[in-house]
Amino acid sequence: MSRLPHVEVRGLTVVLDRHVILRDVSLDVFPGTIHAVVGPNGAGKTTLIRSLLGGLPHRGQIKIRFRDQGRVGYVPQRLDFDRKLPVTVRDFLALVQAERTAPWGRARRSSSIDELLHRVGCAHVWDRRLGSLSGGELRRVLLAQALSPRPELLLLDEPTSQVDLPGAILYEDILQELRDAHGMTLVLVGHDLEWVARMADAVTGLNREVLYSGSPQGLTDPDELGRIFGPIRARSLPGALADAPSGRC
């Protein structure tokens with residue numbers, strides 16, 4: 001594994017409508033790891049992801065080192081669309097791929113859609129309307145679109161939001177395979193600390209500024225949790241992190 005960070009952020013400050021959303025944020029994400037960003041609502045986690053995607057004006061430096069094509073995949077927290085639209089899962093993925101591939105790749109796109117859906121455990125939904133999917137199914141379809149073509153860096157905003165426990169476990173297995181079998185680097189925003197403890201190799205605790213940087217197991221310290229989430233909110237967070245396995249299988 002390279003000693004140089006895949007993602008290097010230095011002094012990132014984001015001000016929107018005269019409100020400081022992020023202040024002097026610095027962090028390193030190393031290649032082939034799962035790096036989690038945790039914090040309360042309004043902490044600036046989604047703003048950080050959008051900044052990594054180049055979607056927001058900011059001060060400071062963001063450096064991403066690529067080995068190959070320089071592809072970044074993104075799984076948003078939600079997809080805003082009219083659920084009554086007669087768009088199937090296959091239609092949606094075909095439209096996404098049409099924007100990313102040459103016209104002569106049409107036949108290949110059709111077969112790759114089937115492969116993608118099988119990969120994320122959603123082969124059975126290919127002909128269903130996008131608006132009829134459950135929360136977990138939609139999250140996996142959004143993951144499928146982010147994996148075509150395969151990225152070096154995958155950004156995920158609350159990937160298990162509105163997902164039941166079996167769906168979260170399946171999602172966990174998929175993300176760990178992307179890291180372990182394909183060497184992909186993943187940055188994910190998470191709110192379930194027990195899930196983060198199982199998944200992540202490193203954690204950044206964010207509340208407009210970096211308040212924690214280290215291993216998931218470091219978040220067993222009530223003082224650290226209190227600094228990030230506030231003492232009242234921290235008392236209601238999962239407390240079984242000390243017994244959770246590390247992010248590596």
Side-chain angles (χ1 to χ4, degrees), residues 16 34 36-38 40-56 71-103 105-151 153-178 182 184 186-192 195-196 199:
L16 299 174
I34 296 177
V37 179
V38 302
N41 292 337
K45 304 185 298 296
T46 295
T47 297
L48 173 61
I49 294 293
R50 291 176 61 193
S51 298
L52 295 179
L53 290 167
L56 288 176
R71 294 190 178 108
V72 177
Y74 172 51
V75 180
Q77 185 174 3
R78 62 179 61 88
L79 181 66
D80 295 323
F81 66 100
D82 185 348
R83 288 185 170 269
K84 297 179 182 178
L85 288 174
V87 176
T88 68
V89 170
R90 183 188 284 271
D91 293 337
F92 170 70
L93 293 177
L95 287 169
V96 170
Q97 289 197 350
E99 293 183 353
R100 300 175 182 171
T101 58
R106 192 168 300 161
R108 174 59 188 154
R109 288 200 300 268
S110 178
S111 62
S112 66
I113 288 172
D114 295 335
E115 294 168 8
L116 284 169
L117 289 173
H118 180 76
R119 187 173 182 181
V120 300
C122 272
H124 61 289
V125 305
W126 68 272
D127 61 342
R128 285 174 51 188
R129 284 191 305 106
L130 200 63
S132 71
L133 301 182
S134 69
E137 289 167 341
L138 181 58
R139 301 298 287 179
R140 280 179 276 153
V141 169
L142 291 176
L143 175 59
Q145 65 80 28
L147 295 178
S148 179
R150 182 185 296 173
L153 174 65
L154 181 61
L155 308 177
L156 306 101
D157 194 351
E158 298 282 6
T160 58
S161 175
Q162 299 179 336
V163 178
D164 59 14
L165 181 58
I169 292 173
L170 177 58
Y171 215 101
E172 180 179 329
D173 290 341
I174 294 168
L175 297 186
Q176 288 180 330
E177 180 188 0
L178 292 174
H182 302 286
M184 195 177 293
L186 298 91
V187 178
L188 60 89
V189 167
H191 64 280
D192 183 333
W195 191 76
V196 166
M199 288 288 298

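Just so it is clear, the structure is predicted and the values come from calculations on it, not from any experiment.
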Q) So, the side chain of Gln145 versus the backbone of Leu142: is there a donor-acceptor pair under 3.5 Å, distance only? A) yes
Heavy-atom nearest pair, Leu56 first then Ser51, reads CD1-OG, 4.0 Å
CZ of Arg140 to CZ of Arg119, rounded to nearest 0.5 Å, is 14.5 Å
| query | Can you find a heavy atom in the side chain of Leu117 that is under 4.5 Å from one in the side chain of Cys122? | reply | yes
message = I'd like to check Leu153 versus Val187 (side-chain heavy atoms, cut-off strictly below 4.5 Å). Are they in contact?
response = yes
Value for CG (Leu116) from CG (Leu143), rounded to nearest 0.5 Å, stands at 9.0 Å
**Message:** Walk me through whether Arg90 and Asp114 qualify under salt bridge (charged side-chain N to carboxylate O under 4.0 Å, His left out).
**Reply:** CA-CA 8 Å; Arg90 183 188 284 271; Asp114 295 335; 2.7 Å; yes
Rounded to the nearest 0.5 angstrom, the CD-CD1 distance for Gln77 and Ile49 is 10.5 Å
Side-chain donor or acceptor of Lys45 paired with backbone N/O of Pro40 under 3.5 Å: yes
Separation between CG (Leu154) and OH (Tyr74), nearest 0.5 Å, reads 11.0 Å
Measure the shortest side-chain to side-chain distance between Leu53 and Val72 over non-hydrogen atoms and say whether it is less than 4.5 angstrom.
-> yes
key: Neighbour count above 12 (heavy atom, 6.0 Å) for His124 NE2   = yes
d(His182 NE2, Leu147 CG) to nearest 0.5 Å is 9.0 Å
Sub-3.5 Å donor-acceptor pair from the side chain of Arg139 to the main-chain atoms of Thr160, do we have one?
no
